[in-house]
Every structure is written in C-alpha cells, then in structure tokens.
Enquirer: 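Below: one structure in structure tokens.
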Amino acid sequence: MYDTIIENIGQLILPAEGPLKGEAMKELNVQENMAIAIKDEIIAWIGPHQQSKNKKAAERIDALEKTVSPGLVDPHTHLVFGGSRENELALKQAGVPYLEILKQGGGILSTVQATRSETEEQLFGKAKRTLEQMAGHGVTTMEAKSGYGLDRDTELKQLRIVKRLNDEGILDLVSTFLGPHAIPPEYKGREEAFLEEMIQLLPEISEKSLAEFTDIFCETGVFTIEQSRRFMKASQELGFKTKIHADEIDPLGGTELAVKMGAASADHLVAASEGGIESLSRGETVAVLLPGTTFYLGKDRYADARRMIDAGAAVALATDFNPGSCVTYNLQMIMSLAALKMKMTPEEIWNGVTVNAAHAIGRGDTAGCLQVGRKADVVLWDVPNYKYIPYHYAANHAEIVWKNGRNVWERRGARVFSVPQTE
Ligand code: IZC
Ligand code: ZN
C-alpha cells in the first residue's frame, strides 16, 4: 500500500544525474503516460500509467495528462532581510546605476539598516512567508544567504533564521554565510579590517553549524579578487564550501578564481571573460546564471549562457531573490528569461533548475532528480508539456507541490482531484 499515487501523467521530466556539462545539458529524459508512487516520504515506484492501476494507495491523484517534474531547486537567494527598497525604483528610472546607489549608502546598505533593526521574530515571519511563496511556485530546495547584517550579531541572527526555517520542513534550505556582501558605514575606508572581522566569524559559524557555504561579493567598489581569494581560502580551511558573486558588472576575474579555488559555484558571470568561460569547462564549478537580475536592473547584456554551454560548462539558473536587484518569487519567470534572453533550450533550462542547480548547492545526491529511493520532491504543473513553462511567462503554473511526499502547496480550485481509496 503506497501513500500516494500520481497517475495519468502526460509528461514526466526525469533529469539525468549530474552535474551536466556542455553537450550533456541538451539531453532531457521526458516520458509520456507515466505514474509515480510515494511511500514514507520517498519515491517508491516510477512506471507506465497502465501499470499503476493495480497498485493500491491511500490517495490517488489524477494528473489529467499534465506535466510532472522534480521539485525545482533555487541555488541563489537572499531570503532573509528587513524592509524593502521600492523607493529605489525612481532612482533606477533616473538612470542611477546599482553600484552608485550602493556607494551613496543605499542599496544593500539600506537593507542592512532595516535588517539590523528588525527583531528575529519579525525577520523570521517575513522570510517564512517568502519561503511559502517560493514553495508555491514549485521550489522544494533553496539556498539562502546572510549578508544584510555585516556585523556578528545580525549575521548570526540571519543564519539562525535560515536554520529554523529549514527545521520547519516546508522546503529544504541550504545556508550560506555572505558576510562580505558590502562594506558597512562604520568600516568605510577600512575594508581590510572589515574583511578580517568577517573571517574571524567563520569558526563560530562553523561550530554552531549555521552555514555550509560562504560567499563574497567580488565587484568594483566592494571586494577585490585578492580579498575574495583570501576569504575563500579561510573558508575552505574551516571546511566550508564556497561560492562567489563574480563578474556581474565588471570583469574582475572572479570566474577564473572560482574555478581555481574549486568553488561549488560562480554566480552572475554577465561580464565573465573568454578565459573565465573557458576555465568553467575544466573545473567542477557550476555557473549559476541570474537573468532576472539583469532584467530587473534594466540591462541589455545577459550572461552568455550559449557560449558557456558550448564551451562545456555546467549551467544552473536561480532567482537571486533579494529586495534590490531581483524582486521575484518565481523561478518559472527566470526559466522564460533564460529562453528569451539567453537563448537556452527548454531541455537546458530544465536541467538548469533541477540537477545542475542541486549540484551548485551540494545537493546533487538528494535533490533535482526523480528516482526511486530519493525523497519525493515532486511538482504537478498545470501545463501540457515541459516546453510550455518557459513559453508562457510570468505566470505560476504549479498545481500541487510535494515536499518529502507531503503536499505543501496546492493551487486553489485545482482541477485535479484526489480520491481516498476504500479497501
Ligand atoms: O540587496 O542588492 N547583488 N547583492 C549583490 C545583491 C545584489 C543584493 C542586494
Ligand atoms: Zn546575489
């Protein structure tokens, strides 16, 4: 007796194990007329719809020939923060660049102020509502960064919230310490001292198991390549895996550094050099692209996903959800931008939000694939086929989302029905 059978699946998306690099990203296994059985939070059986009919289950879901995929993985978010930055819209419209707003003490620094002043409970409640929205858009595993504290107490406050949210089990969170996200006003002109303070925090974060990854914003006016190298090295010596905000606005060489240091991911890469793109094919570093940010900042130049894939890189996609440069809950929207602005194919896009995204956050063994024996993180989409989601942009196509076999979100008025089975 299974707990749940999802039957009559029109298309079942079954990404291969990864990371998928270059050519391998072009393949996506899609099976028609399928069914899935879940038991004790685990995928217990996958097979043809016809064969599901004689299997017993406490609950049967008729997928009405729609599409089912693994739960999406969002490998780059700034989930926990205070306040909001709608006032910056007018500045953006007036043409003030993102880094200029930051330089004037706005941008990230205005969020830092708000995050410092809000209580842990306030921030927790807000992040939980965000997380529920993300889950409602089909995400079952998500990375979450700190970086709006820029002091010990507030950074730890953010990381504790990520831990508590993960414990709630709505979706799996992977925690990243992004202490070097900006230079706080009290350290203006003393960047080195600030970086040193963030490095000094690493042992405590490690002892308290508050983060698995570290990250640094390597950008003009923020942290240099040399500072990034030092921070990554200090992180790795304590057992952290590393990430880097690299080559988003200026081509500083963060992509090359990430590969050289064996970082799990290099993120943004809009301005990555030819050499940087080449290096991705040789290493284990996943290129996490964030086209929603390019869109939201009103720029014309997107990361060159085509060249990266052609060069043999493993590419993943993320929302970059944050209050300043990409304010969206919807990874499906990012899938559309990847198609329209970066010319990625539907197959590459699905691999980018599942298997490769999982590898970017160290969850390649548990998330991003549908396989018997894995956790039942599953989404039923109200779409006729897998190509439809990038095509129909900015909507939420999720109909039912299961996390560990548990229904964590269901669209109101969903046309699917579940029938309790009588023995
Ligand atoms: O709050 O603006 N790029 N960090 C680096 C961000 C964007 C988040 C923000
Ligand atoms: Zn970011």
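We use all heavy atoms of the structure for the numbers below, so side chains are in, but hydrogens, waters and symmetry mates are not. Start at 1 and go down the list; that is how both ligands and their atoms are numbered. Model, not experiment: these values are computed from the prediction.
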Enquirer: Do Glu121 and Arg164 sit within salt-bridge range, that is, some charged N less than 4.0 Å from a carboxylate O?
Expert: yes
Enquirer: Could you find the nearest protein heavy atom to atom 1 (O) of ligand 1 and give me its residue, atom name and distance?
Expert: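 Result for atom 1 (O) of ligand 1: Tyr148 OH, 2.6 Å.
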Enquirer: Does a side-chain N-to-carboxylate-O contact under 4.0 Å join Asp153 and Arg116?
Expert: no
Enquirer: Would you say His181 contacts ligand 1, with heavy atoms under 4.0 Å as the rule?
Expert: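 The answer is yes, since His181 has a heavy atom less than 4.0 Å from ligand 1.
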Enquirer: Do Lys375 and Glu41 meet the salt-bridge criterion of a basic N to acidic O distance under 4.0 Å?
Expert: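 No, no charged N to carboxylate O under 4.0 Å.
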Enquirer: State plainly whether the residues Glu348 and Arg306 are in salt-bridge range, i.e. N to O under 4.0 Å.
Expert: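 Here Glu348 pairs with Arg306 in a salt bridge, since their nearest N and O are under 4.0 Å apart.
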Enquirer: Can you tell me how the ring of Phe81 sits relative to the ring of Tyr148, calling it parallel under 30°, perpendicular over 60° and tilted otherwise?
Expert: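 Aromatic pair Phe81/Tyr148 classed perpendicular.
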Enquirer: At a threshold of 2.8 Å, where the distance has to be below it, does the Zn ion (ligand 2) have an N, O or S atom of His76 nearby?
Expert: yes
Enquirer: Can you check which of Phe217, Tyr98, Tyr296 brings a heavy atom nearest to atom 7 (C) of ligand 1?
Expert: Tyr98
Enquirer: What atoms of ligand 1 come closer than 4.0 angstrom to any heavy atom of Asn322?
Expert: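 Checking each atom against Asn322, I get 1 (O), 2 (O), 8 (C), 9 (C).
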Enquirer: Pull out every atom of ligand 1 sitting under 4.0 Å from any heavy atom of Arg85, numbered as shown with elements.
Expert: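 The atoms of ligand 1 under 4.0 Å from a heavy atom of Arg85 are 1 (O), 2 (O), 9 (C).
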Enquirer: Identify which one of Glu59, Lys39, Arg406 satisfies the side chain to side chain donor-acceptor pair (under 3.5 Å) criterion when paired with Thr4.
Expert: Glu59
Enquirer: At less than 4.0 angstrom from any non-hydrogen atom of Ile108, what atoms of ligand 1 do you find?
Expert: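 Within the 4.0 Å cut-off of Ile108, ligand 1 contributes 1 (O), 2 (O), 4 (N), 9 (C).
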Enquirer: So which N/O/S atom does Asp320 have closest to the Zn ion (ligand 2)?
Expert: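 Answer by atom name: OD1.
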Enquirer: With a 4.0 Å cut-off on N to O distance, would you call Glu248 and Lys299 a salt bridge?
Expert: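 Salt bridge flag = no for Lys299 with Glu248.
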Enquirer: Does Gly107 have a heavy atom less than 4.0 Å from any atom of ligand 1?
Expert: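 Gly107 does not count as a contact of ligand 1 under the 4.0 Å cut-off.
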